Protein chains: 2
Amino acid sequence: MTDVAVVRLPDESRQLEELRRRGIPRLALVAPHAPPFTPVDLLEDWVRLPAAPADVRSRVLALAGRADESLERRPELTDDRLLRYGRWWVALAPADARLMAPLVDRFGSVVGRGELAKAGWPDGLPSRNSLDVQLGRLRRRLKGSGLTLHTVRSRGCALAQGN
Amino acid sequence: MTDVAVVRLPDESRQLEELRRRGIPRLALVAPHAPPFTPVDLLEDWVRLPAAPADVRSRVLALAGRADESLERRPELTDDRLLRYGRWWVALAPADARLMAPLVDRFGSVVGRGELAKAGWPDGLPSRNSLDVQLGRLRRRLKGSGLTLHTVRSRGCALAQGN
DNA sequence: CCCACTGTTTCGTGGTCGTGAACCGGGTGC
DNA sequence: GCACCCGGTTCACGACCACGAAACAGTGGG
């Protein structure tokens, strides 16, 4: 089961930022006289101190459960070139859609550059680095989606969840 | 904004059941010595008593926000050419209504230009780009509705929520 | 008669995609 | 330690084309 981070506020707000950036589920323990907390997403919760250990444990478990659910989300690419991921979506350009197809198909694992080239340009790459350029453009499109296109040096690319 | 119900546990667990059944967002105020609470869905939260009013208010607001987000509204097009979306509405011109029909029908996914043309002008397009012009007028009518007519280049259009 | 509706044209703009080049970090051989 | 290269990233440019907006005109209903 996914780990949940616990931070004390307002002391550890730096760490909170970091956890948010990395998409890790987190529980804030808010000091007695600090202002109420406002979660920024569904992977965040808070309790007012002092809190019973059982209460904290309960919230941590709830967060872990939520995180596991959200991990099961998979992107989907329709033949109208709509890429959906949760409630987020974009319309992909034709080239981007062809490239994205095998990546979505094998979501979370590595797709070789050769295979990507084949998918994007069935009759040969037009130029030496057109694949890289196109991958760059694809990456830009995924901004704010919760999806990331990771590169595995000399192996290929992998589409995965994360920012 | 959506209303949030507040119940006291364990006293009012009957009411809690009812609220869950009806899908209303709810905050449980849990008595000091009652066991920790486990939310059953995302429209549920809890706080241990005694709790500061500000804390309760903060959680109620968070729940209301979540409820609004998760609210999935669909537009509706009546026979007398009224397009409704939530509490917003417009009267559409005949041509706009014919165009809008398939878009509303397949809300959130792409409708091909061919299909749109067929819907708007059953016996052939009067001119090369009259479809584009009409789509433009339609867009203008949707201003401020919370609906947007997105174009998927060389595929068609998709009606979706957003501004 | 006026005004909403709709067809038509023209022109602008913004997305798409190939291409060349600069850049950069890590690894390798000397 | 140093130069070098390899794999990858990013930029800017330009051609092409689908689409969008504005402006104008004809028409028909209230």
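Quick caveat: nothing in here was measured; it's all calculated off a predicted structure. Just so it is clear, the values below take in all heavy atoms, side chains as well, and ignore hydrogens, waters and symmetry mates. Chain letters run A, B, ... following the sequence lines, proteins first and then strands; every chain starts at 1.
Counting heavy atoms from C-beta on, the side chains of B/Pro36 and B/Arg48 come closer than 4.5 Å.
Once rounded to the nearest 0.5 Å, the distance linking CG of B/Leu43 with CD1 of B/Ile24 reads 10.5 Å.
In the 5' to 3' direction, nucleotides of DNA chain C lying under 4.0 Å from heavy atoms of chain B begin and end at C/dC5 to C/dT16.
With hydrogens and angles left out, the side chain of B/Arg153 and the base of D/dC17 share a donor-acceptor pair within 3.5 Å.
B/Arg137 places its CZ atom 18 Å from the P atom of D/dC19, with the value rounded to the nearest Å. Regarding B/Asp132, its CG atom lies at a distance of 18 Å from the P atom of D/dA23, rounded to whole Å. Following rounding to the nearest Å, A/Leu138 (CG) and D/dT10 (P) show an atom-to-atom distance of 12 Å. Summarising the geometry, the separation between NE2 on A/His150 and C1' on D/dG7 is reported as 19 Å, rounded to the nearest angstrom.
Salt bridge A/Glu115/A/Arg106: present, at least one basic N to carboxylate O contact under 4.0 Å. In this structure, B/Arg21 pairs ionically with B/Glu18, as a charged nitrogen and a carboxylate oxygen lie closer than 4.0 Å. Looking at B/Arg139 and B/Asp132, no side-chain N of the basic residue comes within less than 4.0 Å of a carboxylate O on the acidic one, giving no salt bridge. Classification of A/Asp79 and B/Arg155 as a salt-bridged pair fails, no side-chain N sitting under 4.0 Å from a carboxylate O.
Taking the six-membered ring where tryptophan is involved, the planes of A/Trp89 and B/His150 are perpendicular, since the angle between them exceeds 60° and thus also 30°.
Summary of the strand contacts: A/Ser154 and A/Arg140 both lie near DNA chain D, and taking for each the nucleotide with the nearest heavy atom, the more 5' one is attributed to A/Ser154. Between A/Arg81 and B/Asn129, the one whose closest nucleotide on DNA chain C sits nearer the 5' end is B/Asn129. Heavy-atom nearest nucleotides on DNA chain C were determined for A/Pro126 and for B/Ala93, and the one closer to the 5' end corresponds to B/Ala93.
Distances shorter than 4.0 Å separate some side-chain N or O of B/Arg113 from OP1 or OP2 on D/dC19. Considering only side-chain N and O atoms, A/Thr151 lies under 4.0 angstrom from the phosphate OP1 or OP2 of D/dT9.
Heavy atoms of B/Arg128 sit nowhere under 4.0 angstrom from any nucleic acid atom. Residue-level contact check: A/Arg139 touches the backbone only, with heavy atoms under 4.0 Å from sugar-phosphate atoms and none from bases. Backbone-only engagement by A/Arg141 is indicated by non-hydrogen atom pairs under 4.0 Å involving sugar-phosphate atoms exclusively.
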